[in-house]
Every structure is written in structure tokens, then in C-alpha cells.
Amino acid sequence: RSGEMAKLTQLIDNDVFRAYATYTTIVLLKMMLMSLVTAYFRITRKAFVNPEDTASFGKGESAKKYLRTDPDVERVRRGHLNDLENIVPFLGIGLLYALSGPELYTALLHFRIFAGARIAHTFAYLIPLPQPSRGLSWAVAYAVTISMAYKVLTTALYL
């Protein structure tokens, strides 16, 4: 029912909540994948930040050359940081939105656009694609989160 907050016992049967859980899982797995991509780039570029990580490449001075920054590793790290800055707010606002009683079609539209935009943002960051592709994908996902926050503030909360 539109406009009513869901009861906790109804969540498992709530299609909007299940949609939220699905798309939240997708974007969280995507964000987790960025950790693996970072590790891959660190290993293949032999660029580490902790001395103990260089142990397999030698000891002492011979290992110190691997304590460095690499532009590819830093690009992946910036993409991962951007995920943290945008997916975490989506988790909280999206949950409140899902519980605020939106129509399933509208909720799916929000969740799918957000997930698609964040996936596009990752490709734009890692390939890298020319701007404004990365900026637009970021802005679309950000606008979706703001849209959900607006819905929560105007329909479900007492101000």
C-alpha cells in the first residue's frame, strides 16, 4: 500500500523490500569486486604500501622499490572510494525509501537506475572512458538517491 510504512514482519513478503535487497546486494558485490581489482593491480604492477606486502619480492633494499604508488592502482582506489561515498548513502536512504511504501514500479526504476549508473561509473573509471561519461553516471546515481530521500522526507517523516 502506497504511503504506509511496512511492518518488520511483512518485509519478507514486501516486493519493494525484496527489490531493495536485490539491488543492494548487486551494488555491494560490485563494490567488493573493487577490492579484488585493487589487489590485482597492486600485484600485477608490484606497487604496495606496506613493507610486509613486499616480502615475496625480496628483503631489505631490493624489496623497497615495490613500496610505491602506481597510477593504475590509484585510479582503482579512487573508484572504490567513490563507491563508498555513494553506495553507503544509498543503503540507508534506499532502505527508508523501501519502507516508505512506494509503488513497486517506481521503486524498481530507482533501484535499477542507481545500480546501472554505478556499474557504468565503474567501467568509466576503470577503462577509462572519456568525460563526461564518468561524471554523468555519478550524477544519475546521485540524483536517484536524492529522489528517494525527497520521497522519504515528504511522505514518511514528520517535519
Side-chain angles (χ1 to χ4, degrees), residues 6 8 10-58 63-100 102-152:
L8 288 177
Q10 297 171 324
L11 287 182
I12 199 70
D13 295 325
N14 182 310
D15 287 338
V16 172
F17 182 78
R18 290 192 348 221
Y20 165 77
T22 300
Y23 287 95
T24 294
T25 301
I26 290 168
V27 295
L28 286 173
L29 286 172
K30 188 214 78 61
M31 190 168 67
M32 291 171 63
L33 178 64
M34 294 299 284
S35 296
L36 297 176
V37 174
T38 302
Y40 170 79
F41 274 85
R42 281 203 183 284
I43 292 165
T44 60
R45 305 305 193 269
K46 295 184 175 113
F48 303 97
V49 292
N50 300 307
E52 64 271 17
D53 297 337
T54 65
S56 61
F57 299 106
K64 281 188 180 177
K65 67 182 176 183
Y66 301 111
L67 291 174
R68 61 186 183 84
T69 59
D70 177 85
D72 294 331
V73 173
E74 293 307 308
R75 176 171 279 281
V76 175
R77 289 183 70 235
R78 286 190 305 273
H80 193 191
L81 180 59
N82 193 277
D83 276 349
L84 290 168
E85 293 169 350
N86 291 275
I87 291 174
V88 171
F90 168 80
L91 299 177
I93 291 171
L95 176 61
L96 294 173
Y97 173 76
L99 297 175
S100 72
E103 294 295 327
L104 178 60
Y105 172 80
T106 307
L108 280 170
L109 192 63
H110 278 91
F111 301 152
R112 288 173 177 165
I113 290 172
F114 182 86
R118 289 310 304 175
I119 291 167
H121 183 269
T122 297
F123 282 114
Y125 228 124
L126 295 180
I127 289 177
L129 296 176
Q131 283 287 38
S133 59
R134 191 179 79 240
L136 285 174
S137 58
W138 169 85
V140 166
Y142 199 82
V144 167
T145 304
I146 295 297
S147 173
M148 291 187 301
Y150 178 80
K151 163 77 161 84
V152 169

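All of these numbers come straight from a predicted model, not from anything done at the bench.
At least one donor-acceptor pair under 3.5 Å links the side chain of D70 to the backbone N or O of D72. With hydrogens and angles ignored, the 3.5 Å screen pairs a side-chain donor or acceptor of S137 with a backbone N or O of S133. No donor-acceptor pair under 3.5 Å is formed between the side chain of E74 and the backbone N or O of R77.
Between Y97 and T106 there is a side-chain heavy-atom pair separated by less than 4.5 Å. Residues H110 and S147 are in side-chain contact: their nearest non-hydrogen atoms beyond the backbone lie under 4.5 Å apart. Between I113 and V140 the shortest side-chain heavy-atom distance falls below 4.5 Å.
Summarising the geometry, atom CZ belonging to R134 is positioned 10.5 Å from atom CG belonging to L126; distances are rounded to the nearest 0.5 Å. Rounding to the nearest 0.5 Å places CZ of R75 at 10.5 Å from CD1 of I127. Interatomic distance, I119 CD1 to F114 CZ, rounded to the nearest 0.5 Å: 10.0 Å.
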inquiry  = Between V49 and R42, is the side chain to side chain contact (heavy atoms under 4.5 Å, CB included) condition met? List the steps.
reply    = CA-CA 9 Å; V49 292; R42 281 203 183 284; 3.9 Å; yes

inquiry  = Test side chain to side chain contact (heavy atoms under 4.5 Å, CB included) on K151 and L96; report intermediate values, then the result.
reply    = CA-CA 10 Å; K151 163 77 161 84; L96 294 173; over 6 Å; no

task = Determine, stepwise, if the pair N86 / T145 fulfils side chain to side chain contact (heavy atoms under 4.5 Å, CB included).
result = CA-CA 9 Å; N86 291 275; T145 304; over 6 Å; no

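Contact between P102 and V16 at its shortest, heavy atoms only, is O-CG2, 3.5 Å. Between M148 and G94 the shortest heavy-atom distance is CE-CA, 4.0 Å. Of all heavy-atom pairs spanning V152 and I93, the tightest one is CG2-O, 4.4 Å.
Judged as a ring pair (Phe, Tyr, Trp, His ring centres under 6.0 Å), the pairs with a partner in residues 115-146 (not counting sequence neighbours) are, in order, H121-Y125, W138-Y142. The ring pair (Phe, Tyr, Trp, His ring centres under 6.0 Å) pairs that include a residue from residues 29-54 are F48-F57, where partners are two or more places apart or lie in different chains.
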For residues 21-34, please give each side-chain donor-acceptor pair under 3.5 Å, one per line with the distance, not counting sequence neighbours.
| unit_1 | atom_1 | unit_2 | atom_2 | d |
| --- | --- | --- | --- | --- |
| T22 | OG1 | R18 | O | 2.8 |
| Y23 | OH | R112 | NE | 2.9 |
| T24 | OG1 | Y20 | O | 2.8 |
| T25 | OG1 | A21 | O | 2.7 |
| K30 | NZ | D83 | OD1 | 3.2 |
| K30 | NZ | D83 | OD2 | 2.4 |
| K30 | NZ | T122 | OG1 | 2.6 |

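Using cut-offs of 30° and 60° on the angle between ring planes, the pair F111 and F90 is perpendicular.
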